[in-house]
Amino acid sequence: MTNDEKSLNFIEEIIEEDIKNGKHGGRVLTRFPPEPNGYLHIGHAKSIVLNFGLAQKYNGKTNLRFDDTNPVTEETEYVESIKNDIKWLGFEWAEELYTSDYFDTLYGYAVKLIEKGMAYVDDSTSEEIAAAKGTPTEPGKPTPYRDRDIAENLRLFEEMRSGKYPDGAKVLRAKIDLASPNMHMRDPLLFRIKHAHHHRTGDSWCVYPMYDFAHGQSDSIEQITHSVCTLEFIPHRPLYDWLIDQLEIFPSKQYEFARLNLNYTVMSKRKLLQLVNEQYVEGWDDPRMPTISGLRRRGYTPGSIRNFCERIGVAKRENIIDVGLLEFCIREDLNKTAWRRMAVLDPIKLTIINYPDGKEEMLTGENNPEVEDGEGEREIPFSNALWIEREDFMENPPKKFFRLGPGLMVRLKHAYIVRCEDFVRDTDGHVTEIRCTYLPESKSGEDTSGIKVKGTIHWVSIPHAKTVEVRLYDRLFNVENPAAESDFKATINPESLQIIEKAYVEPDLLNAISGKGYQFIRKGYFTLDTKSTSDRPVFNRTVTLRDTWAKELVKTPLL
RNA sequence: UGCCCGAUAGUAUAAUGGUAGUACAACUGAUUUUGGUUCAGUUAGUCUAGGUUCGAACCCUGGUCGGGCAACCA
């Protein structure tokens, strides 16, 4: 296989085979079918990239269909967020559709099934129905209502629809096989009574179809060619096919792939909702959440997420992806696009004793060293009083410490080489100031000093520094698979958010553009928070830079 | 103990009866005015037992392990 050829995933293989055989005239129509009862997360992104990607690749289209058959959990707020997230990811749907658009048709399908003697109204309670279904190892038994005649079933179903009965009094069930080894074929429920207000159809219905009598039928109505869903629907497939067969409608086909799991996070909507409701996080878009909106606020780009979804592949085996791969994808993206700026998060003062008091000069630094022209440059004010990072100085540095310490030299990024001559302690013995001399002939771009130094550090001129708030995020959970714990909330990382109320940044950072990524040199990638204001700028750390020095410290601790 | 799905380096994913490859991670080294980037390289894999075959990750059989299935949820 050459580099140009990319191997196909199993669904692509199926589609190519179908196209080759002229199935549906080579037409490909997929759908993305979210239930509007929560926000989209990175797992949905995998499905979105798959479904829309398949259509793009094979010259087809993708419908967006809200699977809104359960009025009690679904809300318009979720519809809006879902549409927004899909667009942000960069995809366009062919049609915006709702399963609730098909309620009339679905009702008609049910009548048709009753008329064929393939469905019946059951007055049993849900407990009775569950008991009569048997167990995986024992066949089910019929309830007393299974053999009602067609006319009576028709009349009762009509009465269910007209509101004659309270919730739970009756259900419509398919008449299939109570002894089937597949539990889903033991006379599954088709319609249930719910006197509830629906976010789109209002109060016009009090019977609502179940998933199994809505999803496949909606696929068929839309003439979806490839209905791609996750593994847990495999046992539903015989029912999916049975219903389409009995109703004699367009034969959509269902294919299942393994959903995405990411380590150190949770992916179920129920758990995410719990984190939101119980205020472990700020909301669905908290930057620690694996939601699309959370990742967006954190500073992830649509391209990085799409790329991640393509790299993880599509298969049928269960998987847990290392969140490190997601981080790799955003670093790869931001390294090429983020503008470089300097910010000091944990400051200590550095004074240049041979640089005149009150003197200042404007230095320049390219915005982006990864591209040819640097995407322009910005000015950086310099003086004899600077903030540097506290961790860039050590009183007793080891051999491989390429930063400041007594007698050591470093380059100040975009500025001069300095040598540490001295340092000052307070009465408690803490270092409060580092005193250096600088080499005037070592200025960046016009260095004639002939001196080479191993380290370069970032800095901010104290008289020119601006202050901003910086939020550092870490993984939300301390264990790889929180969902496997008896109490997943007990494994929440108490240090998942660290707020630095006063970080010093170079002045140009006040011009930061919302939505753009910035690299704080040597510290990581950051972006403006959605709640940032010009009075009080707030930056979120998207991800740190790779840090081989930190690894070195783990291998050979300094002290 | 019924039915269904699955099993390839640490994690994912290819190889579709003919040299087990790729990415991330890890580790070496080079380059570097970011301990970033980039470049070169190293380590590391077919769950198991049989069978078919000149030849099996791939086909067949048994086993083992993991996951799913009995919501008026989707």
Side-chain angles (χ1 to χ4, degrees), chain A residues 1 3 6-9 13 33-35 37 67-70 72-74 122 124-126 129-131 133-140 167-173 180-186 189-194 207-208 210-212 214-215 229-238 256 258 263 269-270 311-322 324-329 331-332 335-336 340 342 365 369-370 400-403 410-415 417 442 444-445 447 452-458 519-524 544-553:
Chain A
M1 185 158 292
N3 289 338
K6 239 192 124 232
S7 58
L8 303 177
N9 66 50
E13 283 177 2
E35 182 187 12
N37 69 345
D67 216 342
D68 55 352
T69 59
N70 186 357
V72 300
T73 56
E74 295 153 4
D122 195 330
S124 310
T125 64
S126 74
I129 290 175
K133 268 197 182 171
T135 68
T137 52
E138 298 164 276
D167 288 10
K170 289 178 164 48
V171 291
L172 183 73
R173 300 177 69 180
S180 172
N182 180 343
M183 298 298 290
H184 295 274
M185 297 299 273
R186 324 247 265 223
L189 274 61
L190 268 24
F191 265 89
R192 78 291 213 183
I193 300 170
K194 270 183 198 281
V207 289
Y208 293 93
M210 299 288 292
Y211 168 84
D212 285 312
H215 200 102
C229 63
T230 46
L231 256 28
E232 68 268 28
F233 292 100
I234 290 176
H236 295 249
R237 192 182 343 120
E256 311 87 7
N263 60 7
K269 275 198 254 183
R270 206 191 100 257
R311 278 172 188 263
I312 58 178
V314 176
K316 296 191 76 157
R317 64 188 90 103
E318 302 278 350
N319 59 83
I320 301 180
I321 307 285
D322 191 333
L325 182 60
L326 218 209
E327 294 179 344
F328 168 82
C329 290
R331 286 191 186 109
E332 182 185 46
N335 176 52
K336 293 273 188 289
R340 271 59 171 178
M342 293 197 285
E370 292 298 310
K400 286 195 285 185
F401 188 77
F402 306 136
R403 307 183 192 180
V410 295
R411 171 171 292 281
L412 298 171
K413 179 77 180 174
H414 297 309
I417 291 173
S442 67
S444 276
D447 185 349
K452 291 269 178 267
V453 292
K454 284 288 270 186
T456 299
I457 65 172
H458 60 282
Q519 185 195 105
F520 291 2
I521 292 174
R522 302 206 304 139
K523 298 298 336 178
T544 60
L545 259 28
R546 255 183 94 232
D547 190 353
T548 50
W549 173 244
K551 282 180 201 161
E552 183 68 28
L553 288 181

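Convention: sequence-line order gives letters A, B, ...; per-chain numbering from 1. This one's a predicted model, so the numbers in the text were calculated from it and none came from an experiment.
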Against A/L189, only a single residue in A/D212, A/L172, A/D122, A/I129 fulfils side-chain contact (heavy atoms from CB on, under 4.5 Å); can you say which?
A/I129

Heavy atoms under 4.0 Å, any strand shown: does [X] hit a base, just sugar-phosphate, or nothing?
| X | value |
| --- | --- |
| A/T548 | sugar-phosphate |
| A/Y208 | nothing |
| A/K400 | base |
| A/H184 | sugar-phosphate |
| A/G140 | nothing |
| A/S124 | base |
| A/K194 | sugar-phosphate |
| A/E318 | sugar-phosphate |
| A/I320 | sugar-phosphate |
| A/I234 | sugar-phosphate |
| A/N319 | sugar-phosphate |
| A/T73 | nothing |
| A/R546 | sugar-phosphate |
| A/P369 | base |

Side-chain donor/acceptor contact of [X] with base of [N] under 3.5 Å:
| X | N | result |
| --- | --- | --- |
| A/R340 | B/U34 | yes |
| A/R403 | B/G35 | yes |
| A/R411 | B/U33 | yes |
| A/E256 | B/G6 | no |
| A/T456 | B/U34 | no |

Watson-Crick or G-U pairs under 3.5 Å in RNA chain B, rendered as dot-bracket with [ ] for crossing pairs and | for another strand:
.((((((..((((....[..)))).(((((.......)))))....(((((..]....))))))))))).....

Between [X] and [N], is there a side-chain N or O to OP1/OP2 distance below 4.0 Å?
| X | N | value |
| --- | --- | --- |
| A/R237 | B/C4 | no |
| A/R270 | B/A74 | no |
| A/R317 | B/A14 | yes |
| A/R311 | B/U13 | no |
| A/T69 | B/A74 | yes |

State, with a plain yes or no, whether a side-chain heavy atom of A/F328 is found less than 4.5 Å away from one of A/R311.
yes

Looking only at atom [atom1], what distance separates [N] and [M], rounded to whole Å?
| N | M | atom1 | answer |
| --- | --- | --- | --- |
| B/U37 | B/U33 | C1' | 13 Å |
| B/U53 | B/C59 | C1' | 10 Å |
| B/G68 | B/A12 | P | 16 Å |
| B/U13 | B/A9 | C1' | 12 Å |
| B/A14 | B/C72 | C1' | 45 Å |
| B/A57 | B/U46 | C1' | 5 Å |
| B/G50 | B/U16 | P | 26 Å |
| B/U1 | B/U19 | P | 42 Å |

If you only use heavy atoms from C-beta on, which nucleotide in [options] is closest to the side chain of [X]?
| X | options | result |
| --- | --- | --- |
| A/L189 | B/G35, B/C72, B/A70 | B/C72 |
| A/S444 | B/U33, B/A74, B/C24 | B/U33 |
| A/S126 | B/U37, B/A74, B/C72 | B/C72 |
| A/P181 | B/G2, B/A26, B/U37 | B/G2 |
| A/K413 | B/U33, B/C72, B/C3 | B/U33 |
| A/M183 | B/C69, B/C24, B/U34 | B/C69 |
| A/R192 | B/C4, B/C72, B/U34 | B/C72 |

Mark this stacking check for A/Y211 against B/A74 as yes or no, applying ring centres under 5.5 Å and ring planes under 30°.
no

Which value, rounded to the nearest 0.5 Å, describes the distance between A/K194 atom NZ and A/N70 atom CG?
4.5 Å

Measuring from A/K336:NZ to A/E370:CD, what's the distance to the nearest 0.5 Å?
5.0 Å

